[in-house]
Amino acid sequence: MTFSDLGLIAPLLRAVEESGYSEPTPIQTAAIPRLLEGRDLLGCAQTGTGKTAAFALPMLQLLARHNRRAGQRSARALILTPTRELAIQIHESFKTYGKYLKFRYAVIFGGVGQGPQVQALAGGVDVLVATPGRLLDLIDQKLLHLRDLEIFVLDEADRMLDMGFIHDVRKVIAMLPARRHNLFFSATMPPDIQRLADSILTDPARVEVAPVSSTAELIAQSVMYVDRNNKKNLLRHVLQDKALKRVIVFTRTKRGANQVSEVLASNGVSSEAIHGNKSQSARQRALENFRVGRIRVLVATDIAARGIDIDGITHVINFEVPNVAESYVHRIGRTARAGADGIAISFCDAEERAFIRDIEKLIKQEIPVQRDQPYHSTEVETARVMSSGKAKAAIEKNQNRPRRPRNRNRNPNRNRTNR
Ligand code: AMP
């Protein structure tokens, strides 16, 4: 199967070829022809599957087919997505795939001044990528309207719900013209998401790839049992291996992310932390530094990492095991994208055993234990697994403990003798 078999027009084929894609991914093969026929689409897929091109390419072709100029302060196609990082990436993808078509693209999201966004919308755009809050804000100010919309995409619907955007999403939907082409994507399809999809879509084609409960086979997963106090030592140890070229380290909390980044810095490992307390520009700078290889390690919390689309991530390290099993699947999906392989390592202490058990249930496989490491703890491995609820409470109690001031003159060997 090639991209031209899918019925794409020459300017798109040329852009795809320049992106270095030799063949379509399964979601592209399934979705593109149906969208070109004008069918609504329900896509059960997460990022990393080639989802963006699966909707961007046919959308560009449909917009070219019914070519007309967007009126002032209006958009012909809208992609609604939960995070700014995703919005920026989708916008970039449209620009890449559409570079041989003369369309206007814009992206809008909160947390930055609205001036340049307003200006970009003034003359009308063909494709608008937006997060819900800023979109509604600009509509309220009459700086944008959706009355002429032709194509509507709701991206990552399950995360929209998780992040509390459902009311905003419904408000946006209420503003759309009745006659329109709808696309709906979600990594998971619980009943409330299905109901939302039913309320938007008309007789949709259904496309499903790699449900969230299955982790990519190309990811080699392992768990390392370790005392909480030794996790930083273990991270240092693991990072001595030069095969870890481009690494995301996940922590549960912002404070944890900063601490890990500090430890890495004091060990000469180039890293940056991204999380919700950092300014948008600082996050983008960190992502860019990571993307181009100026830093080797990106330390991130789950929210900050949503939708990060960076190729060539060799390793994902769960410095802390996520207490929501689905997050594990999302986290490790940052590696092994579009056919590459990747490695995911989870550092698990006694309390986190409960979360590993939940994850194994979700992914329906056992995660192999890596015992061949200097900080392996048999006590942790054989500790009684508590209920996830108890484990969460215990961890929270720990996190809220006041921090001891660090004693810089501490004998560096002390920890070792105590081990
Ligand atoms: P997405 O699921 O849209 O986030 O895409 C994941 C990654 O796969 C992105 O880095 C894309 O550039 C890449 N990609 C998309 N389609 C293809 C393809 N047909 N062949 C190779 N890589 C692709």
Side-chain angles (χ1 to χ4, degrees), residues 1-8 12-33 35-36 41-61 77 79-99 105 107 127 129 153-160 183-188 207-212 214-219 246 248 287-288 290-293 298 300 305-314 316 329-342:
M1 180 66 79
T2 65
F3 278 99
S4 57
D5 294 336
L6 298 176
L8 292 173
L12 293 172
L13 291 174
R14 192 162 150 210
V16 163
E17 194 178 330
E18 282 176 21
S19 299
Y21 305 166
S22 48
E23 56 185 86
T25 65
I27 188 164
Q28 291 162 2
T29 307
I32 292 173
L35 288 169
L36 289 177
L41 187 88
L42 177 60
C44 195
Q46 55 193 91
T47 43
T49 53
K51 183 184 67 170
T52 316
F55 64 77
L57 291 168
M59 280 172 72
L60 288 163
Q61 183 151 336
I79 299 96
L80 202 56
T81 192
T83 68
R84 343 179 212 202
E85 281 79 10
L86 269 170
I88 291 167
Q89 279 161 14
I90 294 171
H91 178 237
E92 286 301 318
S93 299
F94 269 96
K95 285 200 293 192
T96 305
Y97 303 138
K99 69 174 162 190
Y105 312 99
V107 59
V127 177
V129 188
V153 183
L154 184 61
D155 186 35
E156 309 247 332
D158 50 355
R159 289 190 187 170
M160 288 277 195
L183 287 67
F184 185 105
F185 290 93
S186 190
T188 55
V207 169
E208 217 167 315
V209 293
V212 71
S214 79
T215 48
E217 282 164 18
L218 295 164
I219 306 176
R246 192 169 292 185
I248 298 197
L287 280 176
E288 192 49 31
F290 186 56
R291 193 192 301 276
V292 299
L298 188 70
R306 275 181 179 170
I308 290 180
D309 176 16
I310 293 176
D311 289 336
I313 292 172
T314 57
V316 169
V329 180
H330 287 304
R331 283 184 182 187
I332 74 167
R334 303 295 111 212
T335 183
R337 293 164 81 76
D341 47 15

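Whatever order the structure lists them in is the order used to number ligands and atoms, beginning at 1. Being a predicted model, the structure only gives us computed values, none of them experimental.
The aromatic rings of Y105 and H91 sit perpendicular, their planes meeting at an angle over 60°, well past the 30° parallel limit.
When every heavy atom of P82 is checked against every heavy atom of R159, the shortest pair comes out as CG-CB, 4.1 Å.
Between the CD atom in E156 and the NZ atom in K51 there is a gap of 4.0 Å [rounded to 0.5 Å]. For the atom pair F185 CZ and L154 CG, the distance stands at 10.0 Å (nearest 0.5 Å).
E17 and R14 are not joined by a salt bridge, as no carboxylate oxygen comes within less than 4.0 angstrom of a charged side-chain nitrogen.
The shortest N/O to N/O separation between F3 and ligand 1 does not fall below 3.5 Å. In terms of polar-atom proximity, Y21 is counted as a contact of ligand 1, with an N or O under 3.5 Å from an N or O of the ligand. Every N/O-N/O distance between S22 and ligand 1 stays at or above 3.5 Å.
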Check the pair R291 / E288 against salt bridge (charged side-chain N to carboxylate O under 4.0 Å, His left out), numbers first and verdict last.
-> CA-CA 5 Å; R291 193 192 301 276; E288 192 49 31; 3.4 Å; yes
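For ligand 1 and T25, the ligand atoms under 4.0 Å from any heavy atom of the residue are 17 (C), 18 (C), 19 (N). Heavy-atom proximity to T52, at under 4.0 Å, picks out these atoms of ligand 1: 1 (P), 3 (O), 4 (O).
Ligand 1 lies less than 4.0 angstrom from a heavy atom belonging to E23.
Remark: among candidates G50, G20, A45, A56, the nearest residue to atom 5 (O) of ligand 1 is G50, based on non-hydrogen atoms.
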